[in-house]
Q: 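Before anything else, here's the structure in question.
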Amino acid sequence: MAAAAALELLPALAVVGAFHGAALCGALLLLLLTARRHHSRTGEGHSRDEGHSTVRSSTVREEGEDTHGTSTGQAGCRGPEPERTEDDPVDAVRALLGAARSAPGGAVVTVAADGTTSSRPYPELLDAARRMLTGLRSHGLRPGDAVVLCGLPLAEFFPAFWACVLGGALPVAIAEHPAPGSPASERLRQACALWERPLVLTDEPGATALAHIAPAPRVALAKACLDSPPAEDHVAPDPSDTALLMLSSGSTGVPKAARLTHAGLADFAASSRRILDVRPGDTMVNWLPVDHSGAFLLYHLLAVFTGCTNVHAPTERVLAEPLRWLDLLHEHRAQHGWAPTFAYRLVADALAERPDGHWDLGGLKSLLCGGERVVLPVLRRFLDATARYGVREEHIAPVWGMAETVTAVTYGRLDRPGTVHRLLKSSLGGDLVRAGADTPDADCVTFVASGSPAHGVTLRVVDDHGDLAPPGRIGRLQVHSPARLTPGYVNNPEADAAAYPAGRDWLDTGDLAFLDGGQVVITGRRKDVIILNGLNVYCTEVEETATAVDGVRQGEVAACGIPDAERGTEELAVFFVSRGTAEDTRIATEVKAALYTRLRLTAAYVLPVPADEFPRTPAGKVRRTELRNRLVAGAPAPAPAPAPAQTSTPAPAPAPAQTSTPAPAPAPAQAPAPTPAQAPTPAQAPTPAPAPAPAPTPTPTPAQAPAPAQASTPAQAQAPTPAQASTPAPAPAPTPAR
């Protein structure tokens with residue numbers, strides 16, 4: 001986070017010193033860390049950006065600027081040096097012991113499904129954890145064993161987690177109940193396959209459900225374990241010991257279990273408390289699932305390391321009534337909260353219908369926005385709707401991170417200069433160019449920066465060969481941190497190799513980004529790319545365009561590519577939450593028109609999905625892969641949409657993505673224009689044949705993005721005819737996201 005924004009929030013002079021006196025030169029560190037692989041000097045100059053060491057201050061040219069010799073930029077940027085005092089615990093065990101001893105006013109507050117609230121001060125949390133540890137040991141628990149915390153009520157989850165930490169076991173959370181046939185049940189089965197019959201800690205309904213799983217897991221009831229006498233001993237972990245395991249979302253495959261160390265947790269807490277100004281008297285509010293890395297690490301673990309109160313409510317309770325998020329912030333006088341972008345939209349929509357609220361939110365210090373793409377218009381609507389209650393622009397903090405980096409490693413502020421980037425779409429494959437004020441929106445794409453690196457974190461952008469990307473260009477984002485990065489995944493050497501392709505110094509996040517003014521700007525992910533006639537089109541840009549149609553809401557639309565084996569490319573499919581048969585027909589027609597008018601894209605399928613079958617994780621991420629797999633596997637689908645009367649080359653239009661899951665997204669590549677074809681009528685249009693699995697998509701190489709081709713009129717082209725919409729096969733309940 002930039003010091004200018006930090007100084008408004010951090011009155012402690014010691015923090016100012018951390019941001020202004022401790023930063024090292026990012027370029028020198030990059031040279032040291034990459035000397036084994038890079039033998040030519042980059043030639044960039046050096047400057048400081050509000051306490052964050054950077055290489056130059058801008059990577060982006062202005063529209064109309066001379067392209068020869070004027071592009072400036074940074075090869076990487078580094079946060080301030082780590083700062084520690086005696087108040088910073090060195091591991092999670094000492095964090096809990098310290099909170100119980102020194103922060104008796106702090107507590108874990110849990111809200112039940114019916115709205116009743118219970119509070120467990122830290123001394124009581126420690127006692128409950130010790131009792132549960134005794135109970136777990138009676139089931140054979142030993143240090144190093146994995147324990148799956150599955151479907152536990154919040155009031156039982158937190159003592160269970162800390163019992164594992166005190167006993168040296170490795171807790172891994174699955175927030176939802178493992179009902180037979182549910183995604184949580186499948187997720188549990190996959191997690192158990194990583195270990196040999198791990199102990200599963202659950203409640204009575206969970207135990208009943210687990211009786212139907214084969215092979216039968218070892219099961220213990222958390223409530224019964226709490227009735228045990230307290231354990232008198234606990235482990236004294238080494239900094240390099242694994243403290244907990246975080247499962248990936250599993251939205252695109254089998255989940256991976258990332259190992260997080262005590263040193264990583266301590267480094268994360270020491271940095272985050274300074275950047276966000278988290279103090280023992282503060283209160284933090286979370287309502288996202290506790291198996292989400294941001295929800296758990298930032299809003300519980302950081303609170304314990306700091307000794308402050310943290311409040312947790314069931315996700316489904318807030319989703320049912322989004323204004324309950326504001327209720328929680330108000331009732332608990334919270335200083336800190338967070339949510340993905342979709343929740344800010346839900347609140348803005350709800351306030352449009354009920355603007356007469358009573359909330360006092362003037363005590364806020366931060367409202368983080370992460371976990372998915374940050375959409376600027378949504379945040380603007382939220383700020384407009386909540387300004388009367390005390391929410392201000394400087395409260396909104398776009399962040400970026402992933403479970404493998406112990407959640408957020410960059411922090412920004414929406415009011416920080418240089419946070420919003422409006423760029424020419426045609427420049428995304430080469431030297432980035434800022435759009436002029438009079439440039440039409442259809443030719444532009446807007447990104448929101450995710451802030452500057454945290455203490456001890458270094459970022460760099462590389463090309464597809466692993467070499468430093470030229471300044472002012474988009475490339476693959478990599479992260480270096482001596483303490484924060486995961487040492488690897490459980491029993492998954494292939495995932496380890498993919499995460500660290502050039503050795504353990506740099507984690508390849510897979511995200512596509514550029515660096516500008518000391519901030520990172522995430523622009524896309526590889527799994528968000530659709531290959532249409534050789535061009536790279538980003539799912540997020542398609543989805544944003546679809547939301548311009550009345551009835552299509554952000555977070556309730558998904559775009560993906562359907563493989564076409566005959567042509568070796570993909571067809572575009574768009575799914576949206578159904579509004580009823582009559583409305584769905586109108587929406588499908590208008591979405592096709594919007595995609596062609598703005599992006600020059602023709603959607604082969606535009607399909608409604610019942611609201612309760614639209615697959616999302618509890619944290620709000622749309623599970624595009626599941627929708628794609630349903631259609632590819634032969635679920636009922638409408639006829640492909642006919643070609644528009646005029647066709648041209650699809651305009652590559654990446655859109656920003658905030659992500660907690662790694663995946664590189666290449667920049668647009670040059671490709672020939674599609675060939676116009678006779679438009680079929682719905683009766684004549686073919687239905688895709690069932691396929692067992694999607695065909696692999698070739699990995700394109702970033703290249704200069706072409707300008708849209710001149711539209712041409714085919715001799716026999718017909719006007720597009722709306723395709724009959726049909727509903728894909730039912731989706732199971734959502735699975736947790738990282």
Q: Is a side-chain N or O of His292 found less than 3.5 angstrom from the main chain of Gly294, in a donor-acceptor match?
A: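 Present.
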
Q: Compare every heavy atom of Leu201 with every heavy atom of Leu152, then report the nearest pair and how far apart it is.
A: CG-O, 3.8 Å

Q: For Arg142, is there any backbone N or O sitting under 3.5 Å from a side-chain donor or acceptor partner on Asp145?
A: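 Indeed, once roles are kept as given, a pair shorter than 3.5 Å links the two residues.
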
Q: I'd like to know if the side chain of Thr407 reaches the main chain of Gly401, judged simply by a donor and an acceptor atom lying under 3.5 Å from each other, with no hydrogens or angles considered.
A: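 No.
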
Q: Would you say the rings of Phe268 and Phe305 are close, in the sense that their centroids are separated by under 6.0 Å?
A: no

Q: A side-chain contact here means heavy atoms from C-beta on lying under 4.5 Å apart; do Leu326 and Leu351 qualify?
A: yes

Q: Looking only at non-hydrogen atoms, find the nearest pair between Gly555 and Phe614 and report the distance.
A: O-CE2, 4.0 Å

Q: State, with a plain yes or no, whether a side-chain heavy atom of Val457 is found less than 4.5 Å away from one of Thr405.
A: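 Answer no - side chains too far apart.
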
Q: Can you tell me how far OG1 of Thr386 sits from CD1 of Ile396, rounded to the nearest 0.5 angstrom?
A: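 If I round to the nearest 0.5 Å, the distance is 7.0 Å.
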
Q: Tell me, please, which residues at least two apart from Arg137 pass side-chain hydrogen bond (donor to acceptor under 3.5 Å, both in side chains).
A: Asp233

Q: Using a 3.5 Å cut-off and no angle test, enumerate the donor-acceptor pairs between side-chain atoms of residues 205-227 and protein atoms at least two apart in sequence or in another chain.
A:
{"unit_1": "Thr208", "atom_1": "OG1", "unit_2": "Glu204", "atom_2": "O", "d": "3.1"}
{"unit_1": "Arg218", "atom_1": "NH1", "unit_2": "Arg197", "atom_2": "O", "d": "3.1"}
{"unit_1": "Arg218", "atom_1": "NH2", "unit_2": "His139", "atom_2": "O", "d": "3.0"}

Q: Taking side-chain hydrogen bond (donor to acceptor under 3.5 Å, both in side chains) as the test, write out the residues that go with Asp238, two or more places apart.
A: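 Testing Asp238 for side-chain hydrogen bond (donor to acceptor under 3.5 Å, both in side chains), a comparison that skips the adjacent residues, returns none.
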
Q: If we only count heavy atoms from C-beta on, is the Leu244 to Val172 side-chain gap below 4.5 Å?
A: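 Counting from C-beta outward, Leu244 and Val172 never come under 4.5 Å.
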
Q: Run the ring pair (Phe, Tyr, Trp, His ring centres under 6.0 Å) test against Tyr344 and tell me which residues pass, sequence neighbours left out.
A: Trp325, Phe382

Q: Give the intermediate values and the outcome of salt bridge (Lys or Arg N to Asp or Glu O under 4.0 Å) for residues Arg130 and Asp127.
A: CA-CA 5 Å; Arg130 284 174 165 161; Asp127 180 71; over 6 Å; no

Q: Please name the pair of heavy atoms, one in Arg317 and one in Ala113, separated by the smallest distance, quoted to 0.1 Å.
A: NH1-O, 3.5 Å

Q: Are Trp400 and Asp511 linked by a side-chain donor-acceptor pair shorter than 3.5 Å?
A: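 Per modelled atom types, Trp400 and Asp511 side chains form a pair under 3.5 Å.
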
Q: Are any non-hydrogen side-chain atoms of His234 and Leu97 less than 4.5 angstrom apart?
A: yes

Q: Checking Ser272 against Tyr411: is there a side-chain donor and acceptor pair closer than 3.5 Å?
A: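 Looking only at side-chain atoms, Ser272 and Tyr411 do form a donor-acceptor pair, the distance falling under 3.5 Å.
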
Q: Considering only residues two or more places apart or on different chains, which pairs with a residue in residues 94-122 satisfy side chain to side chain donor-acceptor pair (under 3.5 Å)?
A: Asp91-Arg94, Thr110-Ser118, Asp114-Thr116, Tyr122-Asn310

Q: Is there a donor-acceptor pair under 3.5 Å between the side chain of His395 and the backbone N or O of Leu367?
A: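 No, His395 side chain to Leu367 backbone: no donor-acceptor pair under 3.5 Å.
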
Q: Quick one: pull up CG in Leu265 and CG in Leu297 and give me the separation to the nearest 0.5 Å.
A: 6.5 Å

Q: Less than 4.5 Å apart, side chain to side chain, heavy atoms only: is that true for Thr283 and Gln335?
A: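 Yes, side chains in contact.
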
Q: Examine Arg504 relative to Tyr500 and say whether NZ or CZ is less than 6.0 Å from the centre of the six-membered ring and inside a 45° cone about the ring axis.
A: yes

Q: Heavy atoms, side chains only, cut-off 4.5 Å: are Thr261 and Ser240 in contact?
A: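 Counting from C-beta outward, Thr261 and Ser240 never come under 4.5 Å.
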
Q: Could you state the interatomic distance from CG (Leu329) to NE2 (His332), rounded to the nearest 0.5 Å?
A: 9.5 Å

Q: Could you tell me which non-hydrogen atom of Asp203 sits nearest to which non-hydrogen atom of Pro153, and how far apart they are?
A: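 Result for this residue pair: OD2-CD, 3.7 Å.
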
Q: Nearest 0.5 angstrom please: Ser138 OG to Leu136 CG, how far?
A: 7.5 Å

Q: Quick one: does any side-chain atom of Ser185 pair with a main-chain N or O of Pro180 as donor and acceptor, under 3.5 Å?
A: no

Q: Any ion pair linking Glu321 and Arg324 (charged N to carboxylate O, less than 4.0 Å)?
A: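 Not counted as a salt bridge, because no side-chain N and carboxylate O are separated by less than 4.0 Å.
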
Q: Which heavy atom of Ser481 sits nearest a heavy atom of Asp267, and at what distance?
A: OG-OD2, 4.4 Å

Q: As a quick check of understanding, evaluate side chain to side chain contact (heavy atoms under 4.5 Å, CB included) for Val165 and His262, giving each step before the final call.
A: CA-CA 10 Å; Val165 172; His262 283 277; 4.3 Å; yes

Q: Please work out which of the three classes, parallel, tilted or perpendicular, describes the rings of His312 and His300, given edges at 30° and 60°.
A: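 His300 and His312: perpendicular rings.
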
Q: Could you walk me through whether Val109 and Thr309 pass the side chain to side chain contact (heavy atoms under 4.5 Å, CB included) check?
A: CA-CA 7 Å; Val109 179; Thr309 295; 4.0 Å; yes

Q: Among Arg274, Arg279, Arg273, which residue satisfies the salt bridge (Lys or Arg N to Asp or Glu O under 4.0 Å) criterion with Asp277?
A: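 It is Arg279, the one option of Arg274, Arg279, Arg273 that forms the salt bridge (Lys or Arg N to Asp or Glu O under 4.0 Å) with Asp277.
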
Q: Does any part of the side chain of Ile174, heavy atoms only, come nearer than 4.5 Å to the side chain of Leu149, both counted from C-beta?
A: no

Q: What pairs with Tyr389 under ring pair (Phe, Tyr, Trp, His ring centres under 6.0 Å), at least two apart in sequence or on another chain?
A: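 Once residues adjacent in sequence are excluded, the partners of Tyr389 under the ring pair (Phe, Tyr, Trp, His ring centres under 6.0 Å) criterion are Trp359.
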
Q: Could you tell me which non-hydrogen atom of Met246 sits nearest to which non-hydrogen atom of Ala403, and how far apart they are?
A: CB-CB, 4.0 Å

Q: Please lay out, stage by stage, how Leu154 and Val290 fare under the test side chain to side chain contact (heavy atoms under 4.5 Å, CB included).
A: CA-CA 8 Å; Leu154 290 170; Val290 289; 3.8 Å; yes

Q: Less than 4.5 Å apart, any side-chain heavy atom of Phe158 and any of Leu125?
A: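 Phe158 vs Leu125: side chains touch.
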
Q: Assess whether side chain to side chain contact (heavy atoms under 4.5 Å, CB included) is satisfied between Thr306 and Asp282, documenting all intermediate values.
A: CA-CA 9 Å; Thr306 309; Asp282 287 354; over 6 Å; no

Q: Check whether Arg484 reaches the backbone of Val406 with its side chain - one donor and one acceptor, N or O, closer than 3.5 Å.
A: yes

Q: Report the distance from atom CD1 of Ile522 to atom OG of Ser450, rounding to the nearest 0.5 Å.
A: 5.5 Å

Q: Are any side-chain N or O atoms of Thr134 and backbone N or O atoms of Ala231, one a donor and one an acceptor, separated by less than 3.5 Å?
A: yes

Q: Between Arg259 and Thr486 (side chain of the first, backbone of the second, donor and acceptor by atom type, cut-off under 3.5 Å), is there such a pair?
A: no

Q: To the nearest 0.5 Å, tell me how far Thr509 OG1 sits from Glu404 CD.
A: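 It is 9.5 Å, given to the nearest 0.5 Å.
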
